[in-house]
Amino acid sequence: MVVSHDQESLSGWEGGLAPALPHHLFALFYIALYNQRFTAGAQNLSIPFIEENDQTRARQEHLEALRALVGNAYPNKFERSQIVEMGKEDTITAIVEKFRAFEPKAPEGERPPAEAIELANQQLSDKSVRIAGRIATPPRVMGKAAFVHLSDGVMRLQIYVKRTDVKGVSNDAGGGEVDGWELFNLLDHGDFIGVEGYLFITKTGELSVHVRTLQFLAKALLPLPDKMHGINDPEIRQRQRYADLIAGSLKLDREEDELTPREVFERRSKIISEMRRFLEDHGYVEVETPMLTSKATGAAARPFETYHNALGIPLYARIAPELYLKRLLVGGFEKVYELNRNFRNEGIDRTHNPEFTMLEFYWAYADVNQMMDFCEAMLRATVFTALGHTHVKYGDLDIDFSQPFERLTMKEAVIRWWRIRFQYCPSVAEVNDQWFEDGKRITFLAYFLKLLGLESLDLVIEAAFLGDERRKKLNEEVSFSWDRTKTYQGKTDERAQQPSFVAEDLAYLFGELAEPNLVQPTFITDFPKAISPLSKASPADPAVAERFELFIAGMECANGFSELNDPREQYERFNDQMTQRERGDDEAMVMDEDYIRALSYGMPPAAGVGIGIDRFVMLLTNRQSIRDVILFPHLRPERRINPSEG
RNA sequence: GGGCCGAUAGCUCAGUCGGUAGAGCAACUGGCUUUUAACCAGUGGGUCGCAGGUUCGAGUCCUGCUCGGCUCACCA
């Protein structure tokens with residue numbers, strides 16, 4: 001008679017019949033019912049794309065048994081105590097930070113003296129807590145008592161569960177009592193539970209909670225990663241960041257200075273909030289400009305294209321907020337910033353993700369030099385507040401933010417690193433500093449470098465350490481490329497007649513020779529105007545733009561300039577870009593008529609800058625890949641989890 | 001997009017010359033009332049990324065594909 005009833009009608013009985021029965025009998029009765037359902041083949045409990053194996057099956061069975069024992073397996077809340085600070089719920093971290101001072105000191109591997117533990121326990125004298133967290137270790141059960149650690153994602157706190165002391169809490173209305181030990185034995189590594197009990201220090205000297213009542217909160221149906229090794233597979237870590245975060249918080253074997261994924265992203269958050277605070281302290285207003293635009297402008301990049309159904313027009317994900325922010329300068333804002341995502345439809349590698357976070361800010365009446373000072377102050381302050389110091393270890397590099405950032409013009413940088421690179425190559429000794437003032441010679445040197453090839457270029461820098469034999473051979477190679485370049489001089493001279501080509505070649509020389517060597521924060525200034533279509537020319541040299549880029553650890557981290565505010569000149573620069581576009585450069589900018597119209601109302605002189613937040617976070621968290629500082633970086637879709645792809 | 005490397009149990013990884021698929025952790029069963037990666041005894045767990053090919057025989061050799069890593073080109 002009983003078995004023929006469904007669960008709903010059983011629940012209905014609970015008010016009347018259940019109290020008459022001892023609870024554990026009632027629970028057994030539920031288990032019998034569920035077993036009946038299983039053997040009857042009512043197997044609709046599994047989720048199709050969640051893999052079934054011995055471990056998931058065991059967890060599923062535990063879940064069903066828990067339902068039988070406590071009713072609702074996914075209760076809606078658990079109220080935690082507030083003994084650390086009134087008005088604030090006690091997290092595990094808060095409890096540990098407040099009470100771990102009671103742990104008696106003992107030499108590594110030894111137990112503290114019993115008297116010290118006794119004393120600590122008297123001082124703790126029945127401090128009751130109600131805390132919740134994820135079961136962070138496989139339970140260590142010793143017959144009639146057990147130890148388990150709970151984690152709140154940051155810290156872990158041990159709980160002690162004694163068979164004779166623990167009471168279980170039903171999750172059904174009324175929250176009656178169930179067998180606590182039976183409940184405990186249905187728990188798996190990874191489940192969420194809430195416990196009530198009192199603090200004490202164990203014989204080994206660890207702060208723990210002696211559990212009086214135990215409540216089930218949520219099930220981990222999937223097995224957790226190895227407690228010692230965590231997850232090493234970068235694909236799982238990036239695709240399933242939740243698993244990465246869990247594994248990082250539960251992993252036992254960790255280096256002293258190793259950041260958990262959680263700590264990486266908390267630091268990211270801190271860096272961003274410090275930058276916001278710094279800007280707001282200096283009078284900047286945060287604004288939000290369109291991410292979906294009908295024109296992709298403000299930078300040299302290919303956009304993502306989409307389509308608006310109702311309007312029937314193409315739209316582009318923005319590649320930069322720049323032109324919108326400058327429209328706001330026209331409108332009267334003197335200091336604005338935007339901190340948000342840009343989207344660029346280009347290659348993906350360890351420093352590029354299709355969507356990335358950019359901070360852009362604009363300062364009316366200031367020029368590029370004032371902006372460099374401001375940027376430097378902001379970054380130094382951010383590093384200090386985020387890390388507590390200004391010396392950053394990035395891989396093998398030591399980066400010092402406390403010293404004034406070096407400032408070099410692009411030409412100075414090229415000259416310096418050319419000299420260092422080719423100091424042991426007599427065949428190119430005729431190159432002197434004057435060469436870099438001459439467009440023809442710049443195109444010549446760029447051609448030479450391309451001809452020489454990257455492998456030889458890398459060897460050249462080691463020339464000092466090479467044996468005589470190899471150095472001789474290398475010099476022959478350099479000499480050969482040099483002579484060969486001379487036979488193409490007619491072509492390079494012709495190329496030099498086009499200023500934008502000279503500009504590109506100078507930038508190429510800079511990129512190959514100088515950029516990788518800019519380890520300490522360094523401002524590179526005086527960019528060729530031809531590759532800076534939105535920036536103002538220098539008053540001293542009309543061919544040079546008042547523009548800078550900041551390099552740290554060989555990475556470009558910021559890009560700023562005195563903003564071009566002459567609408568006529570901006571119109572012509574756009575036209576030049578259009579010409580380049582017609583020649584096949586699909587990253588050249590498009591004409592933005594509305595922007596020209598805005599400038600025509602008058603824009604004050606201003607400086608602006610963009611800072612690549614992801615790269616800056618990489619530096620401050622010692623990550624070598626941008627995918628490690630973006631919670632959910634772009635990856636190809638996973639085929640096996642998506643049934644529609646078969 | 002090109003080149004190089006990789007994919008084996010839930011996780012971390014071995015797998016020799018082409019000859020029966022392995023370990024640790026995790027899981028399951030039993031024991032253990034203050035443990036510390038708890039311990040002791042036992043048991044189960046595999047589409048060796050996918051699809052072909054060579055071979056008497058393929059985790060292993062060959063080809064194609066998928067996904068990932070590094071790197072080059074492009075870009076911030």
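What you see is a predicted model; the values in this text were computed from it and never measured. Numbers restart at 1 for each chain; the letters A, B, ... are given by sequence-line order, proteins then strands.
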Just checking [X]: base, sugar-phosphate only, or nothing, at a heavy-atom cut-off of under 4.0 Å?
{"X": "A:Arg59", "result": "nothing"}
{"X": "A:Glu587", "result": "sugar-phosphate"}
{"X": "A:Arg239", "result": "sugar-phosphate"}
{"X": "A:Asp349", "result": "base"}
{"X": "A:Thr137", "result": "nothing"}
{"X": "A:Thr164", "result": "base"}
{"X": "A:Leu222", "result": "nothing"}
{"X": "A:Glu235", "result": "sugar-phosphate"}
{"X": "A:Ala558", "result": "nothing"}
{"X": "A:His62", "result": "sugar-phosphate"}
{"X": "A:Gly230", "result": "sugar-phosphate"}
{"X": "A:Arg627", "result": "sugar-phosphate"}

task: Between A:Ser625 and A:Arg344, name the one whose nearest nucleotide on RNA chain B is closer to the 5' end.
output: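 Looking at RNA chain B, the more 5' nearest nucleotide goes with A:Ser625.
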
- prompt: Want to settle it: does A:Ile236 or A:Arg615 sit nearer the 5' end of RNA chain B, counting the closest nucleotide to each?
  reply: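 Comparing both residues, the 5'-ward one is A:Ile236.
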
query: Distance check: side-chain N/O of A:Asn53 vs OP1/OP2 of B:rG10, anything under 4.0 Å?
result: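 Yes, within the criterion.
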
Please check if any side-chain donor atom of [X] sits under 3.5 Å from a side-chain acceptor atom of [Y], or the reverse.
{"X": "A:Arg547", "Y": "A:Ser535", "answer": "no"}
{"X": "A:Tyr160", "Y": "A:Gln158", "answer": "no"}
{"X": "A:Asp505", "Y": "A:Thr443", "answer": "no"}
{"X": "A:Arg156", "Y": "A:Thr137", "answer": "no"}
{"X": "A:Arg212", "Y": "A:Ser128", "answer": "yes"}

Measuring only the [atom1] atom in each nucleotide, how far is [N] from [M]? A whole number of Å is fine.
{"N": "B:rG10", "M": "B:rC5", "atom1": "P", "value": "28 Å"}
{"N": "B:rG42", "M": "B:rC25", "atom1": "P", "value": "14 Å"}
{"N": "B:rA58", "M": "B:rG49", "atom1": "P", "value": "15 Å"}
{"N": "B:rG69", "M": "B:rG57", "atom1": "C1'", "value": "34 Å"}
{"N": "B:rC11", "M": "B:rA7", "atom1": "C1'", "value": "15 Å"}
{"N": "B:rG19", "M": "B:rG59", "atom1": "C1'", "value": "13 Å"}
{"N": "B:rG31", "M": "B:rG15", "atom1": "P", "value": "40 Å"}
{"N": "B:rA23", "M": "B:rG2", "atom1": "C1'", "value": "39 Å"}

Has the side chain of [X] got a donor or acceptor atom sitting under 3.5 Å from an opposite partner on the base of [N]?
{"X": "A:Gln55", "N": "B:rA26", "value": "yes"}
{"X": "A:Asp226", "N": "B:rG10", "value": "no"}
{"X": "A:Gln158", "N": "B:rU35", "value": "yes"}
{"X": "A:Asp585", "N": "B:rC74", "value": "no"}

- request: Give a yes or no on whether a salt bridge exists between A:Glu338 and A:Arg318, defined as a side-chain N under 4.0 angstrom from a carboxylate O.
  value: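 Here A:Glu338 pairs with A:Arg318 in a salt bridge, since their nearest N and O are under 4.0 Å apart.
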
field: Lys/Arg N to Asp/Glu carboxylate O, A:Arg241 vs A:Asp244, below 4.0 Å
entry: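 A salt bridge links A:Arg241 with A:Asp244.
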
What is the distance, to the nearest angstrom, from the [atom1] atom on [X] to the [atom2] atom on [N]?
{"X": "A:Leu187", "N": "B:rA27", "atom1": "CG", "atom2": "C1'", "value": "15 Å"}
{"X": "A:Glu504", "N": "B:rC74", "atom1": "CD", "atom2": "P", "value": "11 Å"}
{"X": "A:Ile47", "N": "B:rG10", "atom1": "CD1", "atom2": "P", "value": "17 Å"}
{"X": "A:Arg140", "N": "B:rG31", "atom1": "CZ", "atom2": "P", "value": "20 Å"}
{"X": "A:Lys227", "N": "B:rU35", "atom1": "NZ", "atom2": "P", "value": "16 Å"}
{"X": "A:Asn185", "N": "B:rA27", "atom1": "CG", "atom2": "C1'", "value": "15 Å"}
{"X": "A:Arg623", "N": "B:rC70", "atom1": "CZ", "atom2": "C1'", "value": "18 Å"}
{"X": "A:Asp253", "N": "B:rU12", "atom1": "CG", "atom2": "P", "value": "14 Å"}

Nearest of [options] to any side-chain atom of [X]?
{"X": "A:Arg350", "options": "B:rU71, B:rU33, B:rG68", "value": "B:rU71"}
{"X": "A:Tyr160", "options": "B:rU33, B:rG10, B:rA76", "value": "B:rU33"}
{"X": "A:Val141", "options": "B:rU34, B:rA73, B:rC32", "value": "B:rC32"}
{"X": "A:His229", "options": "B:rA76, B:rU12, B:rU34", "value": "B:rU12"}
{"X": "A:Asp188", "options": "B:rC70, B:rC28, B:rG69", "value": "B:rC28"}
{"X": "A:Asp54", "options": "B:rA37, B:rG45, B:rU33", "value": "B:rG45"}
{"X": "A:Pro138", "options": "B:rU35, B:rC11, B:rA27", "value": "B:rA27"}

- prompt: Does B:rA38 have A:Phe147 stacked on its base, where the ring centres are within less than 5.5 Å and the planes differ by under 30°?
  reply: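 It does not: the two rings, one from A:Phe147 and one from B:rA38, miss the stacking criterion.
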
- prompt: Pick from A:Lys219, A:Arg59, A:Gln55: which one makes a side chain to side chain donor-acceptor pair (under 3.5 Å) with A:Asp188?
  reply: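 Going through A:Lys219, A:Arg59, A:Gln55 one by one, the side chain to side chain donor-acceptor pair (under 3.5 Å) with A:Asp188 is satisfied by A:Lys219 alone.
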
field: Within 45° cone of A:Tyr508 ring axis and under 6.0 Å: A:Lys450 NZ or CZ
entry: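 Judged by the rule (NZ or CZ under 6.0 Å from the ring centre, within 45° of its axis), A:Lys450 counts as positioned above A:Tyr508.
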
message: Return the pairing partner of B:rC4 with a 3.5 Å limit on both distances, Watson-Crick or G-U wobble; otherwise return none.
response: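 B:rG69 is the nucleotide pairing with B:rC4.
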
- request: Please give the nucleotide sitting opposite B:rC50 as a Watson-Crick or G-U wobble pair, both distances under 3.5 Å, or none.
  value: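 Check on B:rC50: paired to B:rG64, both distances under 3.5 Å.
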
